[in-house]
Enquirer: 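Here it is, the structure in full.
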Protein chains: 2
Amino acid sequence: MVDTSDLGESEYLKFTVALERVAVMLRRVGPARDLSLASASVLQLLDQAPVARPYRLTELAVEQCVTQPAMTQLVSRLEREGLARRCADPGDRRVVIVRITQEGQDLLRERRDARAAALGTLLAGLCEDDRRAIEAALPALERLALAASGGV
Amino acid sequence: MVDTSDLGESEYLKFTVALERVAVMLRRVGPARDLSLASASVLQLLDQAPVARPYRLTELAVEQCVTQPAMTQLVSRLEREGLARRCADPGDRRVVIVRITQEGQDLLRERRDARAAALGTLLAGLCEDDRRAIEAALPALERLALAASGGV
DNA sequence: TATTGTTATACTCTATAACTATA
DNA sequence: TATAGTTATAGAGTATAACAATA
């Protein structure tokens with residue numbers, strides 16, 4: 001009887017090592033061509049934001065776990081490259097609203113497609129059982145990531 | 001009959017998004033306190049190297065997919081902090097051998113323990129089925145990471 | 001001449017501290 | 001006074017180009 005709620009230290013280490021390798025893999029799989037991880041991450045947030053409820057600069061900083069000055073710079077880089085733009089908040093003139101541009105959306109889509117294609121190639125190299133196991137674990141991994149992101 | 005060897009584009013996208021979230025999670029779970037991701041990655045390579053077959057600086061650069069100058073700097077930082085040291089190669093005086101120090105090994109162990117503990121806490125918050133699914137997928141994920149790292 | 005590594009320079013990304021503008 | 005954001009400055013991590021030393 002295997003009780004995974006009682007994993008030993010060595011199991012955690014195994015898990016840690018496996019996930020760290022996956023993280024390294026992602027750094028390499030993602031061509032990262034035109035878009036750094038930090039930029040892509042913010043751009044994805046902006047892309048998912050409802051038009052009626054856009055992000056403030058401070059909210060982006062909190063969401064990404066970086067400081068306000070760091071986000072100021074990141075947004076400035078995105079703006080300089082035409083991927084996002086700063087807008088005024090009519091209700092509070094201190095506030096900076098950040099929106100993704102069409103160009104930003106296009107770049108994001110290209111990047112996602114490229115990543116998916118690269119991962120598809122890698123997955124195709126695995127055996128059937130491995131693909132099944134990974135697919136079966138995806139929802140669980142998403143929940144795990146959610147818990148780490150602030151869900152808890 | 002589900003044939004995962006014929007995953008559609010949307011499945012790849014789902015997979016990409018899930019793994020990217022895991023990568024973000026790892027950035028946050030790892031206290032990263034004293035050790036950056038880049039430093040930790042190199043230090044782990046050095047730690048796993050057989051004493052009789054240590055790494056050259058160039059080999060580290062190739063293994064980590066960074067340039068020689070980048071690795072020169074990274075090793076210099078590790079050396080400055082006492083975590084690694086440069087050694088001469090008796091057979092070829094152009095070569096720089098890099099070894100981990102005792103201090104480096106100690107730090108690595110602390111970091112691994114902290115990460116494992118943090119992940120353990122997160123895992124404890126998942127339901128039994130999710131934990132089982134993730135554990136079942138670990139070997140497959142490792143093979144996937146290996147394929148991306150250069151195994152292919 | 002080819003290989004190994006370093007130095008010089010520049011850019012991204014991050015942080016802390018000090019500042020401005022608005023509430 | 002508190003909040004939203006920027007500017008100033010510094011350090012890690014990365015790249016390319018030019019260089020030195022050794023093979």
Side-chain angles (χ1 to χ4, degrees), chain A residues 23-24 26-28 30-46 54-99 104 107 111, chain B residues 23-24 26-28 30-45 54-99 107 111:
Chain A
V24 168
L26 282 177
R27 281 211 314 259
R28 292 176 188 171
R33 296 171 307 176
D34 305 321
L35 212 49
S36 74
L37 240 166
S39 296
S41 192
V42 168
L43 221 45
Q44 279 175 36
L45 269 187
L46 296 179
Y55 276 100
R56 298 175 172 201
L57 192 140
T58 298
E59 289 173 335
L60 290 175
V62 169
E63 203 71 33
Q64 296 286 298
C65 292
V66 300
T67 60
Q68 236 178 27
M71 190 50 65
T72 289
Q73 286 199 22
L74 211 169
V75 169
S76 295
R77 284 193 295 273
L78 290 177
E79 207 168 27
R80 193 184 63 204
E81 292 164 23
L83 305 176
R85 64 174 184 278
R86 284 176 166 88
C87 306
D89 182 326
D92 186 337
R93 297 203 300 175
R94 295 171 303 180
V95 170
V96 166
I97 296 293
V98 186
R99 292 181 194 275
L107 182 57
R111 183 177 174 279
Chain B
V24 169
L26 282 176
R27 281 212 313 261
R28 292 176 186 170
R33 296 172 308 179
D34 304 322
L35 212 49
S36 74
L37 240 167
S39 296
S41 192
V42 169
L43 221 46
Q44 279 176 35
L45 269 188
Y55 276 100
R56 296 175 172 200
L57 193 139
T58 298
E59 290 173 333
L60 290 176
V62 169
E63 202 70 33
Q64 296 286 297
C65 292
V66 299
T67 60
Q68 237 178 26
M71 191 51 65
T72 290
Q73 286 197 21
L74 212 170
V75 168
S76 295
R77 283 193 297 272
L78 290 177
E79 205 169 28
R80 194 184 64 205
E81 290 162 25
L83 305 176
R85 64 172 185 282
R86 282 178 166 88
C87 307
D89 182 326
D92 186 337
R93 297 203 298 176
R94 295 172 304 180
V95 169
V96 165
I97 296 294
V98 187
R99 291 180 195 276
L107 183 56
R111 184 176 174 280

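Chain identifiers are assigned alphabetically (A, B, ...) following the order of the sequence lines, protein sequences preceding nucleic acid strands; residue numbering begins at 1 within each chain. Keep in mind that this is a model prediction, so the values were computed, not measured.
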Enquirer: Can you list everything that forms a side chain to side chain donor-acceptor pair (under 3.5 Å) with A/T72? Sequence neighbours excluded, please.
Expert: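 Side chain to side chain donor-acceptor pair (under 3.5 Å) check on A/T72 returns nothing, list empty.
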Enquirer: Give the rounded distance in Å between these two atoms: CG of B/L57 and P of C/dT3.
Expert: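 It is 17 Å, rounded to the nearest whole Å.
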Enquirer: Using whole Å, what does the distance between atom C1' of nucleotide D/dT7 and atom CE of A/M71 come to?
Expert: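 Roughly 17 Å, once rounded to whole Å.
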Enquirer: Check whether any side-chain heavy atom of A/L46 sits under 4.5 Å from a side-chain heavy atom of A/L43, and report yes or no.
Expert: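 The answer is yes; the side chains approach within 4.5 Å.
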Enquirer: B/T67: what forms a side chain to side chain donor-acceptor pair (under 3.5 Å) with it, not counting sequence neighbours?
Expert: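 In terms of side chain to side chain donor-acceptor pair (under 3.5 Å), with neighbours along the sequence ignored, B/T67 is linked to no residue.
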Enquirer: Which residues satisfy the side chain to side chain donor-acceptor pair (under 3.5 Å) test with A/D92, sequence neighbours excluded?
Expert: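 Testing A/D92 for side chain to side chain donor-acceptor pair (under 3.5 Å), a comparison that skips the adjacent residues, returns A/R94.
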Enquirer: Looking at DNA chain C, which of residues 73-90 of chain B put a heavy atom within less than 4.0 Å of it?
Expert: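 Residues of residues 73-90 of chain B under 4.0 Å from DNA chain C: B/Q73, B/R86.
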Enquirer: Starting from P on D/dG5, measure out to CZ on A/R56 and report it in whole angstrom.
Expert: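 Atom CZ in A/R56 sits about 7 Å away from atom P in D/dG5.
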Enquirer: Please report the interatomic distance CZ(A/R56) to CD1(A/I97), rounded to the nearest 0.5 Å.
Expert: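 Output value for this atom pair is 6.5 Å.
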Enquirer: How close do B/E59 and B/P54 get, counting heavy atoms only, and between which atoms?
Expert: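 In terms of heavy atoms, the two residues are closest at OE1-O, 3.9 Å.
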Enquirer: Please confirm whether the shortest side-chain N or O distance from A/T72 to OP1 or OP2 of D/dG5 is below 4.0 Å.
Expert: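 Answer is no, no contact under 4.0 Å.
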Enquirer: Let me know, please, whether B/T58 or A/S39 comes out on the 5' side of the other along DNA chain C by nearest nucleotide.
Expert: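 Nearer the 5' end of the strand: B/T58.
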Enquirer: B/E81: which residues meet the side chain to side chain donor-acceptor pair (under 3.5 Å) condition with it, sequence neighbours left out?
Expert: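 Here no residue qualifies.
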Enquirer: In whole Å, I'd like the distance from the CD1 atom of B/I97 to the P atom of C/dT4.
Expert: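 Taking atom P of C/dT4 as the reference, CD1 of B/I97 is at 11 Å.
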Enquirer: Rounded off to whole Å, could you give me the CG-to-C1' distance for the A/L35 and C/dT12 pair?
Expert: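 Computing the A/L35:CG to C/dT12:C1' distance gives 12 Å.
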Enquirer: For a quick check, with a 4.0 angstrom heavy-atom cut-off, what is the B/S/- contact string for nucleotides 16-23 of chain C, read 5' to 3'?
Expert: BB----BS
Enquirer: Name the one of A/V62, A/V66, A/T58 that satisfies side-chain contact (heavy atoms from CB on, under 4.5 Å) with A/M71?
Expert: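 So, applying the side-chain contact (heavy atoms from CB on, under 4.5 Å) to A/M71 and each of A/V62, A/V66, A/T58, only A/V66 qualifies.
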